Participant: 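Got a structure for you, written out below as structure tokens; questions coming shortly.
Everything numeric in this text was worked out from a predicted model, so none of it was measured.
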Amino acid sequence: MADPTGRPDHAFPEAQREGLYRAIFERRDVRAQFRPDPIPPEVLARLLEAAHHAPSVGFMQPWDFLLIDDRAVRERVHAIFERENAKAAEAHSGERGALYRRLKLEGILESPLNLCITCDRSRGGEHVLGRQSIVEMDLFSTCLAVQNLWLAARAEGIGVGWVSILDQFDLAGVLGLPENVYPLAYLCLGYVDEFLDRPELARAGWRQRLPLAERVHGNGWGEAADAPALFEALSAREGER
């Protein structure tokens, strides 16, 4: 249906838009609700294809995908987590420390599949279009592949948990990565018993979502944006959630 203003209408149909936003708002970092059911090959193929269609600087596509279902490999990764998590716990004392130690922060052994998404920092050669000024753009690009996979997984009813409490050097050793390949995201994947209605850390009282209107600036950091209609719309949407 043509836009009444005469502009081309490239928007998705309403049902498809709602599906996209639902995946965004219902995506969760899953740690404890995994089921043992394997992910069918055709579903996993769709997730990987979604990740592979992420945007990347200079179209360098720096990612690779390591599928990890070997128990012995996962136990070695889990040992790294246990060591690093013990170190992290030392940074918190009192009630905060007690809460930290109660948090479930990974599903390495419980999930049916682990997936490491890596970034080959040499891909595309020495001079990658668009990367001269910001050399980390390859890492940022790989993060977009992670996000694509995460949203596609939510649409498929599959939970994803990102395990960030790992020593990346030791992880690279366990996975046998070349020197130029960085293990950017270690993910736990699988069907789940439920998707929580709120992020797990918010439910546990660790942190709450910040008000979006307070994060919007205008023309410079800390400057008020002259956009009353926008802030009214943001306030209305916040009230709906």
Side-chain angles (χ1 to χ4, degrees), residues 10-13 15-31 34 37-70 73-74 77 106-108 111-164 166 168 171-172 174-192 195:
H10 299 300
F12 289 0
Q16 294 179 11
R17 291 200 306 271
E18 288 301 313
L20 172 60
Y21 286 118
R22 180 182 174 187
I24 292 170
F25 293 129
E26 295 187 10
R27 182 212 59 80
R28 295 289 179 262
D29 195 351
V30 176
R31 288 87 172 259
F34 288 110
D37 316 62
I39 300 173
E42 63 274 15
V43 177
L44 182 58
R46 289 198 294 268
L47 302 187
L48 295 175
E49 185 179 31
H52 188 53
H53 277 71
S56 62
V57 65
F59 204 42
M60 69 183 297
Q61 306 159 74
W63 44 73
D64 283 271
F65 307 96
L66 280 72
L67 306 176
I68 304 158
D69 56 10
D70 186 286
V73 175
R74 292 200 285 173
V77 175
E106 51 77 35
I108 296 170
S111 60
L113 180 66
N114 291 184
L115 169 68
C116 186
I117 300 183
T118 63
C119 177
D120 183 344
R121 309 213 65 188
S122 66
R123 190 163 295 164
E126 184 178 357
H127 301 291
V128 175
L129 187 154
R131 193 186 170 204
Q132 291 298 110
S133 301
I134 307 176
V135 297
E136 297 87 358
M137 286 302 297
D138 57 338
L139 299 173
F140 303 156
S141 298
T142 306
C143 285
L144 296 175
V146 176
Q147 180 77 333
N148 269 19
L149 181 135
W150 215 329
L151 294 177
R154 178 60 191 91
E156 298 278 2
I158 292 170
V160 177
W162 187 332
V163 185
S164 61
L166 293 171
Q168 300 300 82
L171 178 60
V174 169
L175 300 179
L177 302 183
E179 184 177 353
N180 54 295
V181 175
Y182 179 74
L184 185 133
Y186 194 90
L187 307 174
C188 305
L189 277 71
Y191 292 102
V192 296
F195 285 94

Participant: Between Arg121 and Val135, what is the shortest heavy-atom contact and its length?
Facilitator: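 Smallest interatomic distance, heavy atoms only, reads NH2-O, 3.3 Å.
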Participant: Arg22: what forms a salt bridge (charged side-chain N to carboxylate O under 4.0 Å, His left out) with it, not counting sequence neighbours?
Facilitator: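 Partners of Arg22 by the salt bridge (charged side-chain N to carboxylate O under 4.0 Å, His left out) criterion, ordered by chain and then number, come out as Glu26.
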Participant: Counting heavy atoms not belonging to Gln16, are there more than 12 under 6.0 Å from its CD?
Facilitator: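 Counting neighbours around CD of Gln16, more than 12 heavy atoms of other residues, nucleotides or ligands fall under 6.0 Å, so yes.
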Participant: For Leu151, is there any backbone N or O sitting under 3.5 Å from a side-chain donor or acceptor partner on Arg27?
Facilitator: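 Judged by distance alone, no pair lies under 3.5 Å.
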Participant: Would you give the length of the straight line joining atom CG of Leu171 to atom CG of Leu66, rounded to the nearest 0.5 angstrom?
Facilitator: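 The distance works out to 9.0 Å.
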Participant: Using 30° and 60° as the class boundaries, would you call the ring planes of Trp63 and His52 parallel, tilted or perpendicular?
Facilitator: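 The rings of Trp63 and His52 stand perpendicular, inter-plane angle above 60°.
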Participant: Can you sort out the partners of Arg123 under side-chain contact (heavy atoms from CB on, under 4.5 Å), two or more places apart, ordered by chain and number?
Facilitator: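 side-chain contact (heavy atoms from CB on, under 4.5 Å) list for Arg123, sorted by chain: Met60, Asp64, Asp120.
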Participant: Drop me the distance from Leu177's CG to Cys119's SG, to the nearest 0.5 angstrom.
Facilitator: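 Rounded to the nearest 0.5 Å, the CG-SG separation comes out at 11.5 Å.
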Participant: Measuring from atom CG of Leu67 to atom CG of Asp70, what distance do you get when rounded to the nearest 0.5 angstrom?
Facilitator: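 CG of Asp70 is found 12.5 Å from CG of Leu67.
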Participant: List the residues meeting side-chain contact (heavy atoms from CB on, under 4.5 Å) with Phe59, not counting sequence neighbours, and say none if there are none.
Facilitator: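 So Phe59 forms a side-chain contact (heavy atoms from CB on, under 4.5 Å) with Ser56, Gln61.
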Participant: Return the set of residues passing salt bridge (charged side-chain N to carboxylate O under 4.0 Å, His left out) with Glu156 (not counting sequence neighbours), or none when no residue passes.
Facilitator: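 Residues passing salt bridge (charged side-chain N to carboxylate O under 4.0 Å, His left out) with Glu156: Arg46.
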Participant: Give me the atom names and distance for the closest heavy-atom approach of Pro112 to Asp69.
Facilitator: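 Shortest heavy-atom contact: O-CB, 4.4 Å.
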Participant: Kindly compute the distance separating CG (Leu113) from CG (Leu187), expressed to the nearest 0.5 Å.
Facilitator: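 Separation between the atoms: 9.5 Å.
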Participant: Any side-chain heavy atom of Phe140 within less than 4.5 Å of one from Ile134?
Facilitator: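 Yes, at least one pair of side-chain atoms sits under 4.5 Å.
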Participant: Got a donor-acceptor contact below 3.5 angstrom from the Ser111 side chain to the Gly190 backbone?
Facilitator: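 Not a single qualifying donor-acceptor pair exists.
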Participant: Asp37: what forms a side-chain contact (heavy atoms from CB on, under 4.5 Å) with it, not counting sequence neighbours?
Facilitator: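 If we apply the side-chain contact (heavy atoms from CB on, under 4.5 Å) test to Asp37, skipping adjacent residues, the hits are Arg35, Tyr191.
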Participant: Are Leu149 and Leu115 packed together at the side-chain level, in the sense that at least one heavy-atom pair is separated by less than 4.5 angstrom?
Facilitator: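 Yes, side chains in contact.
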Participant: So do the side chains of Ile39 and Ile158 get within less than 4.5 Å of each other, counting heavy atoms only?
Facilitator: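 They are in contact (side-chain heavy atoms under 4.5 Å apart), so the answer is yes.
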Participant: Rounded to the nearest 0.5 Å, how far apart are CD of Gln132 and CD of Glu126?
Facilitator: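 The distance works out to 8.5 Å.
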Participant: Working to the nearest 0.5 Å, report the span between SG of Cys143 and CD of Glu136.
Facilitator: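 Going from the SG atom of Cys143 to the CD atom of Glu136 covers 11.5 Å.
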Participant: Can you name the closest pair of heavy atoms from Val163 and Cys188 and give their distance?
Facilitator: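 Heavy atoms only, the tightest pair is CG2-SG, 3.7 Å.
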Participant: Is the closest side-chain heavy-atom distance between Leu189 and Leu47 below 4.5 Å?
Facilitator: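 Touching, per the 4.5 Å side-chain cut-off.
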Participant: Can you tell me if Asp29 uses its side chain to pair, donor with acceptor, with the backbone of Trp162 under 3.5 Å?
Facilitator: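 Side chain of Asp29 to backbone of Trp162, a donor-acceptor pair under 3.5 Å: yes, one is there.
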Participant: Kindly check if the number of other-residue, nucleotide or ligand heavy atoms within 6.0 Å of CG (Leu20) is above 12?
Facilitator: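 Buried by this count: over 12 neighbours within 6.0 Å.
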Participant: Check side-chain contact (heavy atoms from CB on, under 4.5 Å) between His53 and all other residues, then give those that pass, not counting sequence neighbours.
Facilitator: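 Residues passing side-chain contact (heavy atoms from CB on, under 4.5 Å) with His53: Glu49.
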Participant: So, for Phe34 and Gly159, which heavy atoms are closest and what is the spacing to 0.1 Å?
Facilitator: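 That closest heavy-atom pairing would be CE2-O, 3.7 Å.
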Participant: Please find the pair of heavy atoms, one from Gln168 and one from Leu184, that lie closest to each other, and give the distance.
Facilitator: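 Minimum heavy-atom separation between Gln168 and Leu184: NE2-O, 4.1 Å.
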Participant: Work out which heavy atom in Trp150 is nearest to a heavy atom in Arg28; give both atom names and the distance.
Facilitator: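 Here Trp150 and Arg28 meet closest at NE1-O, 3.2 Å.
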Participant: Can you confirm whether Val160 sits close enough to Val146 that some side-chain heavy atom of one is under 4.5 Å from a side-chain heavy atom of the other?
Facilitator: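 Of all side-chain heavy-atom pairs linking Val146 with Val160, none is under 4.5 Å.
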